[in-house]
Amino acid sequence: MNETGTDFIRKTVEEDLASGKYSDGPVTRFPPEPNGYLHIGHAKSICLNFGIAAEYGGKCNLRFDDTNPGRESAEYVRSILRDVKWLGFDPGERVYFASDYFDDLYRFAVRLIKEGKAYVCGLSPDQIRETRGTLTRPGVESPDRNRPAEESLALFEKMKNGEFEEGRYVLRAKIDMASPNLCLRDPAIYRIRKAMHHRTGEKWCIFPMYDFAHPLSDAIEGITHSLCTLEFANNRPLYDWFVSNLTDEPRPKQIEFARLNMSYTVLSKRKLSRLVEEGRVEGWDDPRMPTIAGMRRRGIPPEAIRKFCDMIGIAKKDSLVDVALLEHVIRETLNRTAQRRMAVLRPLKMVIENYPENRSEELTAINNPEDPSAGTRNVPFSRVLYIEKDDFMENPPKKFFRLAPGREVRLRYAYIIKCQSVVKDDATGEITEIRCTYDPATRGGNAPDGRKIKATIHWVSASHAVRSEVRLYDRLFLKENPGAETQDGDFTDSINPNSLEKLSPCYLEPSLRHAAPGERFQFERLGYFCVDLKDSTSQNPVFNRTVTLRDSWAKISARSRRGA
RNA sequence: UGGGGCGUCGUCAAGCGGUAAAGACACAGGAUUUUGAUUCCUGCAUUCGGAGGUUCGAAUCCUCCCGCCCCAGCCA
């Protein structure tokens, strides 16, 4: 069920079920056009449709709305299928294509013509536009509007047989050229398209329009509740027109809800494809993309996406969901499930002066404090280590309580150490190494004398470390709503130039050597990371940062930097 | 300025005529902590786009106004 209560769509479904209208439970459908990759906005719809079917003992179909050859392809069909399953929903045998219904749809069209409810129109696309009227002026009727049915039938047949070039004729529903709803001003329902269709090949050269194919496909499949986004509300009267003129009860019912918008990203296929085409990202599955494929590669668990969709709710209000909410559910699920490891991303060499040169020892580390069943592992310790550059400051500000000259700090699961001196590059003055001593009595990190150690930092033994590349991802856009003021023109203006930072070499604890692609970890004190699905090899492991840990120190230091 | 849809905390979002307007995220404090993480407390809309009205009683009903979104593809 839903986090926030029962949304208005579920309520409608419940009422319809209670009224006995649909005896076999609700049948919903997720109807993507295979012309792009699925994104998190689609995930909202997938969760809604499959969720309702599951909750009320119904069914959910996956139907490809493939009525426009030329911009659709089998590659997209494959990616969509994969993404839906990865998200955790299995349509099983219920995978359909609008193109499966082309014969039925054709028959429906013929029936409309015979009944005087459709006609073949010879107006050019330009003429159709000109005669459609405007928002405030009615349209004018086509000279072909009263063409005898026999004549339309013959022309439609010829259209089907490929006897006309594209654009020469179109089949139109005869409704009302004066309707205040432009959708009803004799909309085109079939057009000539001489393109190779990814499934029907060259069998057809006329293709039904969405407004015609969609409601009828719903009816053919016995859909009870046809859920779509708000921008289709204008099309609903047309949806009802086709369904009531051509099909019997019980008829499918269209219900609209608000599409998902999320801060600091864009969620329209058009804009996402532009990012890909213009090379702003490395592909549809770039980990910065809000696509399912991108999020998968980023390391976001499908469970988190489902939880997110559950939390944002379903309503009719246009909204902009804070991406922080997504980040929150990602952290929440990963905190529970991801094993902890130590990794140093920006290495600073540390030498333990009183630790023997050739010695090393194994220390025990907890895999997941949130899950005792995850057990423990051993981590090697030796004289030369790497620690994070950020964990040392030569002249620390007041609130910094990590390592600094003369200060003590605990190395996680290892020893309490003290900074004795700093080695710098003579030429640049840059700190190249810090020299410390350790307290042998503190093995494991406990102080037998009970002295309080304010900070614990992570580390990796230099001689045992696995070298790796780590990719740090940040939001793709600097503006909360990149599409807002710029119509479409240049949402790319607000692209974040620093959305990707590749770090190398990074040093990982040796247990990470055999991590499998897709495997997710928490690098302690840094964030959640996963092995890249594409570029990682055992020779050159690559990790992607999914999301950082919450970092109150970052807030404190940023605040004091501003204040000072 | 035709038609359709929508306006409840910074962001989502419950609420559907009956006492003090859920919850989550964000934010701000505090406690515990070998991750400045997690966890745990605490605070955070005298008010529901505005104005009138109906009612003993309204965010919930009525009227008017204001604002935002969608529609003039042979796209979906």
Side-chain angles (χ1 to χ4, degrees), chain A residues 2-7 31-33 35 65 67-68 71 121 123-125 128-130 132-139 166-172 179-185 187-193 206-207 209-211 213-214 228-237 256 258 260 263 269-270 311-329 331-332 335-336 340 342 365-366 369-370 399-402 410-414 416 442 444-447 453-458 480 522-527 548-557:
Chain A
N2 190 277
E3 271 293 300
T4 53
T6 309
D7 58 73
E33 182 188 15
N35 71 338
D65 228 325
T67 56
N68 191 359
R71 56 183 231 171
C121 177
L123 255 26
S124 70
I128 288 187
R129 189 179 336 109
E130 286 156 14
R132 184 158 23 229
T134 68
L135 296 180
T136 49
R137 295 268 168 280
E166 290 189 11
R168 179 66 190 81
Y169 285 108
V170 77
L171 181 69
R172 293 227 251 170
S179 172
N181 181 344
L182 308 222
C183 289
L184 300 179
R185 318 243 262 229
I189 60 182
Y190 259 97
R191 74 298 210 181
I192 299 169
R193 221 30 32 120
I206 53 172
F207 292 88
M209 301 284 292
Y210 165 87
D211 281 318
H214 198 82
C228 64
T229 43
L230 251 25
E231 66 269 28
F232 290 100
N234 295 318
N235 305 53
R236 186 171 2 109
E256 310 86 20
L260 172 66
S263 60
K269 260 190 220 171
R270 216 192 131 338
M311 287 178 75
I312 57 177
I314 298 293
K316 297 189 79 160
K317 183 174 63 169
D318 289 312
S319 60
L320 182 65
V321 175
D322 192 341
V323 69
L325 183 60
L326 211 214
E327 290 170 354
H328 171 262
V329 301
R331 291 191 184 104
E332 183 180 67
N335 176 51
R336 246 177 31 237
R340 312 290 113 134
M342 290 199 286
I366 294 166
E370 307 292 323
K399 287 175 183 157
F400 183 88
F401 50 76
R402 274 112 91 152
R410 174 167 36 234
L411 296 180
R412 175 138 242 227
Y413 297 125
I416 293 169
T442 58
N446 300 302
I453 301 297
K454 199 89 190 279
T456 299
I457 65 172
H458 59 97
E480 193 173 50
Q522 181 195 100
F523 289 174
E524 293 215 32
R525 303 208 306 130
L526 298 173
T548 60
L549 252 28
R550 281 183 64 203
D551 187 354
S552 50
W553 164 242
K555 279 181 195 169
I556 296 167
S557 61

- Task: Could you tell me whether rG52(B) is syn or anti, where syn means a glycosidic angle within 90 degrees of zero?
- Result: anti
- Message: Measuring to OP1 and OP2 of rG36(B), would you say a side-chain N or O of Arg525(A) lies under 4.0 angstrom away?
- Response: yes
- Task: Select base, sugar-phosphate, or nothing to describe what Leu326(A) touches, counting heavy atoms under 4.0 Å on all strands.
- Result: nothing
- Query: Of the nucleotides rG2(B), rC25(B), rC74(B), which one has an atom closest to the side chain of Ala324(A)?
  - Reply: rC25(B)
- With distance as the sole criterion, do the side chain of Arg550(A) and the base of rU38(B) form a donor-acceptor contact below 3.5 Å? no
- Can you check whether Arg71(A) has a side-chain N or O nearer than 4.0 Å to OP1 or OP2 of rA76(B)? no
- Who is the Watson-Crick or G-U wobble partner of rG23(B), with both distances under 3.5 Å? rC12(B)
- If each of Leu411(A) and Phe232(A) is mapped to the nucleotide of RNA chain B with the nearest heavy atom, which maps nearer the 5' terminus, i.e. the 5' end? Leu411(A)
- Query: How would you label the contact of Asn35(A) with the nucleic acid (heavy atoms, under 4.0 Å): base, sugar-phosphate, or nothing?
  - Reply: nothing
- Tell me whether the OP1 or OP2 atom of rA76(B) has a side-chain N or O from Thr67(A) closer than 4.0 Å. yes
- Message: Distance check, P atoms only: rU19(B) and rA31(B), in whole angstrom units.
- Response: 39 Å
- Query: Given that both distances must come in under 3.5 Å, which nucleotide forms a Watson-Crick or G-U wobble pair with rC40(B)?
  - Reply: rG30(B)
- Message: Counting only Watson-Crick pairs (N1-N3 plus N6-O4 or O6-N4) and G-U wobbles (N1-O2, O6-N3), all under 3.5 Å, who is the partner of rU47(B)?
- Response: none
- Task: Looking only at side-chain atoms of Thr134(A), point me to the closest of rC71(B), rA72(B), rU35(B).
- Result: rA72(B)
- Task: Using a heavy-atom cut-off of under 4.0 Å over every strand shown, decide if Asp551(A) touches base, sugar-phosphate, or nothing.
- Result: nothing
- Hey, does the side chain of Ser263(A) reach the backbone of Val323(A) with a donor-acceptor pair shorter than 3.5 angstrom? yes
- Leu325(A) side chain, from C-beta outward: closest of rG36(B), rC25(B), rC74(B): rC25(B)
- Query: Side chain of Lys317(A): nearest nucleotide among rU8(B), rC74(B), rU1(B)?
  - Reply: rU8(B)
- Message: Looking at Ser552(A), I'd like to know whether one of its side-chain N or O atoms comes within less than 4.0 Å of OP1 or OP2 on rA37(B).
- Response: yes
- Message: Roughly how many Å apart are rA76(B) and rC71(B), using the C1' atom of each and rounding to a whole number?
- Response: 14 Å
- Message: With a 4.0 Å cutoff (strictly under), does any side-chain N or O of Arg236(A) reach OP1 or OP2 of rC70(B)?
- Response: no
- Whole-Å C1' distance, rC48(B) and rG67(B): 16 Å
- Task: Assign Phe523(A) to base, sugar-phosphate, or nothing according to its heavy-atom contacts below 4.0 angstrom with the strands shown.
- Result: nothing
- Task: Name the closest nucleotide to the Asp7(A) side chain, picking from rA14(B), rA76(B), rA28(B).
- Result: rA14(B)
- Message: What's the gap between rA37(B) and rG30(B) when it is taken at their P atoms, as a whole Å value?
- Response: 13 Å
- Message: Check for me: is Tyr210(A) stacked on rA76(B) by the 5.5 Å centroid and 30° plane-angle rule?
- Response: no
- Message: Measuring only the C1' atom in each nucleotide, how far is rU47(B) from rC9(B)? A whole number of Å is fine.
- Response: 10 Å
- Item | Nearest-Å distance for atom pair CZ/C1', residues Arg172(A) and rA72(B) | 13 Å
- Query: Which part of the nucleic acid, if any, lies within reach of Arg410(A) when heavy atoms closer than 4.0 Å are counted: base, sugar-phosphate only, or nothing?
  - Reply: base
- Message: How many whole angstroms separate atom CG of Leu320(A) from atom P of rC68(B)?
- Response: 17 Å
- Item | Heavy-atom side-chain contact between Asn68(A) and Met209(A) under 4.5 Å | no
- Item | Result of checking His458(A), Arg412(A), Gln522(A) against Arg340(A) for side-chain contact (heavy atoms from CB on, under 4.5 Å) | Gln522(A)
- Could you check whether Arg340(A) gets within reach of a base, just the sugar-phosphate, or nothing at all, counting any heavy atom under 4.0 Å? base
- Item | Sugar-phosphate only, base, or nothing, as touched by Pro369(A) at under 4.0 Å among non-hydrogen atoms | base
- Item | From rU38(B), rC74(B), rC27(B), nucleotide with atom closest to Asn335(A) side chain | rU38(B)
- Message: Taking rG73(B) as the reference, what is the distance to rU8(B) when you measure between their P atoms (whole Å, please)?
- Response: 32 Å
- Message: Can you tell me which nucleotide in rA76(B), rA72(B), rA24(B) comes closest to the side chain of His328(A)?
- Response: rA24(B)
- Item | Inter-nucleotide P distance (rG10(B), rA45(B)), Å rounded | 10 Å
- Reckon Arg129(A) touches a base, only the sugar-phosphate, or nothing at all at heavy-atom distances under 4.0 Å? sugar-phosphate
- Which part of the nucleic acid, if any, lies within reach of Tyr190(A) when heavy atoms closer than 4.0 Å are counted: base, sugar-phosphate only, or nothing? nothing
- Item | Listed nucleotide nearest any side-chain atom of Lys555(A), set rA76(B), rU35(B), rC27(B) | rC27(B)
- rC6(B): pairing nucleotide in any strand, Watson-Crick or G-U under 3.5 angstrom: rG67(B)
- Minimum-distance nucleotide to Leu182(A) side chain [options: rC71(B), rU8(B), rA37(B)]: rC71(B)
- Query: If you check the Asn234(A) side chain, which of rA76(B), rC74(B), rG3(B) turns out closest?
  - Reply: rG3(B)
- Task: Could you measure between the two C1' atoms, the one in rC56(B) and the one in rG50(B), and give it in whole Å?
- Result: 26 Å
- Message: Counting the atoms with a prime plus P, OP1 and OP2 as sugar-phosphate, which does Phe207(A) contact under 4.0 Å by heavy atoms, base, sugar-phosphate, or nothing?
- Response: nothing
- rU35(B) base to Gln522(A) side chain: any donor-acceptor pair below 3.5 Å? yes
